[in-house]
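All ligand and atom numbering here is 1-based and tracks the order in the structure.
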Amino acid sequence: MSPPERFGSLTIEHLHVAYGRAVEALRGVSLDLPGGRIVAVLGANGAGKSTLLRAASGTLALHRGAVTAGSIAVGDHALTDDPARAVRAGVVQVPEGRRVFADLTVEENLRAGELGRGRQGAASRREARDRVFALLPVLAERRRQRAGLMSGGEQQMLAIGRALMADPRVLLLDEPSLGLAPRMVARIGAIVREINEQGTSVLLVEQNAAMALSVAHRAFVLENGRVRLEGTPEELAASDEVRRLYLGAAEEETGQPHTAPPAPALRRWTA
Ligand code: ATP
């Protein structure tokens, strides 16, 4: 296990974001991701979840959005809307829709992720790749396969592996379970937990509340660009609103009630 100082913390204070000066997508969001934790962000379509991740990864301008008030910081470093600065500070995003380079092999996709933190030297690049292969063995097995030929779940793993090549301190995940079968969703949840245990703080945006609450230490619910609820996974899972709006849907989807035991990392957090 890595020493605690390796973990990155993310502090978002009173953040306002607008697109094209017209649509106010975030209206005063404050959210803390303490170093070494997993924080989940839930919310319906259009609530502002992706906007929050774009703000943290410095990619708002690419979507014609901008921070109009408030701040984001990693540790003591204030982040501006600059993707390169965010990556240098150790904030790396796995985009929604598991975008991989379909015509490139698994290995080539991973190499694309090395660009992130300006990693120096072949030995350290090999070390990063071996760590990814140890965490996600399917990528080692398929290293010479074209990414476009992999299943949706495997492509998601590749997208995560590529982000890990940049050696993040804070990993931003945008709906990693989207469109995956329940068994693969559970697998992705276990991988998120393992990444966290190996030294990376995680901000996890999810519509699958059952999965998110089973791995997170703390969770936020966004509604119309504001934080509507905040609490431990147990508190949110017990809230009528969350049960009705999010967990009900998850139960229907999987046929399973939301009775997943707390993750090991969660027990540590509450101990
Ligand atoms: P989803 O789960 O559907 O991705 P979300 O919670 O991630 O939703 P956002 O994509 O952050 O929500 O959108 C928040 C608000 O900002 C919505 O009203 C959306 O229509 C608007 N929005 C998002 N991207 C843009 C954009 N590039 N230009 C204009 N408005 C946008």
Problem set entry | Contact atoms of ligand 1, heavy-atom distance to A47 under 4.0 Å | 5 (P), 6 (O), 12 (O)

Exercise. Do the side chains of L172 and V170 get nearer than 4.5 Å, heavy atoms only?
Worked result: yes

Problem set entry | Within-shell test, G43 vs ligand 1, heavy atom, strictly < 4.0 Å | no

Exercise. Which ligand 1 atoms are under 4.0 Å away from a heavy-atom of E175?
Worked result: 2 (O)

For this session: Considering the heavy atoms of T51, write down every atom of ligand 1 situated less than 4.0 Å from one of them.
Result: 9 (P), 11 (O), 13 (O), 14 (C)

Exercise. How far is atom 2 (O) of ligand 1 from its nearest protein heavy atom, and which residue and atom is that?
Worked result: K49 NZ, 2.9 Å

Problem set entry | Protein heavy atom at shortest distance from atom 4 (O) of ligand 1 | S50 OG, 3.6 Å

For this session: Enumerate the atoms of ligand 1 whose separation from the nearest heavy atom of A44 is less than 4.0 angstrom.
Result: 6 (O)

Exercise. Can you find a protein heavy atom under 4.0 Å from atom 9 (P) of ligand 1?
Worked result: yes

For this session: To the nearest 0.5 angstrom, please state how far the CG atom of N224 sits from the CZ atom of R27.
Result: 6.0 Å

For this session: Tell me which protein heavy atom sits closest to atom 26 (C) of ligand 1, plus the residue, atom name and distance to 0.1 Å.
Result: Y19 CD2, 3.5 Å

Problem set entry | L136 side, atom CG; I195 side, atom CD1 - distance, nearest 0.5 Å | 6.5 Å

Problem set entry | Identity of the nearest option to atom 18 (O) of ligand 1, non-hydrogen atoms only, from G46, A55, A18 | G46

Exercise. Once you round to the nearest 0.5 Å, how far does CG of L213 lie from CG of L204?
Worked result: 9.5 Å

Exercise. Is the shortest distance from a heavy atom of G65 to ligand 1 less than 4.0 Å?
Worked result: no

For this session: Identify the protein heavy atom lying closest to atom 12 (O) of ligand 1, giving its residue, its atom name and the separation to 0.1 Å.
Result: G48 N, 3.1 Å

Seminar exercise, completed: Near Q207 (heavy-atom distance under 4.0 Å), the atoms of ligand 1 are 2 (O)

For this session: Can you pull out the closest protein heavy atom to atom 3 (O) of ligand 1? Residue, atom name and distance to 0.1 Å, please.
Result: N45 OD1, 3.1 Å

Below 3.5 Å, can you tabulate the donor-acceptor pairs from side chains in residues 12-20 to any protein atom, sequence neighbours excluded?
residue, atom, partner, partner atom, Å
H16, ND1, E24, OE2, 2.9
H16, NE2, G28, N, 3.3
Y19, OH, T51, OG1, 2.8
Y19, OH, R54, NH1, 2.7

For this session: Examine V29 and V221 and state if one hydrophobic cluster contains both, with Ile, Leu, Val, Met, Phe, Trp and Tyr joined whenever side-chain heavy atoms are less than 4.5 Å apart.
Result: no

Exercise. CG/N45 to CD/Q207 distance, rounded to the nearest 0.5 angstrom?
Worked result: 4.5 Å

Exercise. Can L33 be reached from L236 by stepping across I, L, V, M, F, W or Y side chains whose heavy atoms are under 4.5 Å apart?
Worked result: no

Exercise. Given side chains that start at C-beta, do those of R193 and V202 come closer than 4.5 Å, heavy atoms only?
Worked result: no

Seminar exercise, completed: Residue, atom and distance of the protein heavy atom nearest atom 27 (N) of ligand 1 read H63 O, 3.2 Å

Quick one: side chains of residues 181-189, donor-acceptor pairs under 3.5 Å with protein atoms, not counting sequence neighbours, listed by atom name and distance.
none

Problem set entry | Side chain, backbone, both or neither: R64 near ligand 1, heavy atoms under 4.0 Å | neither

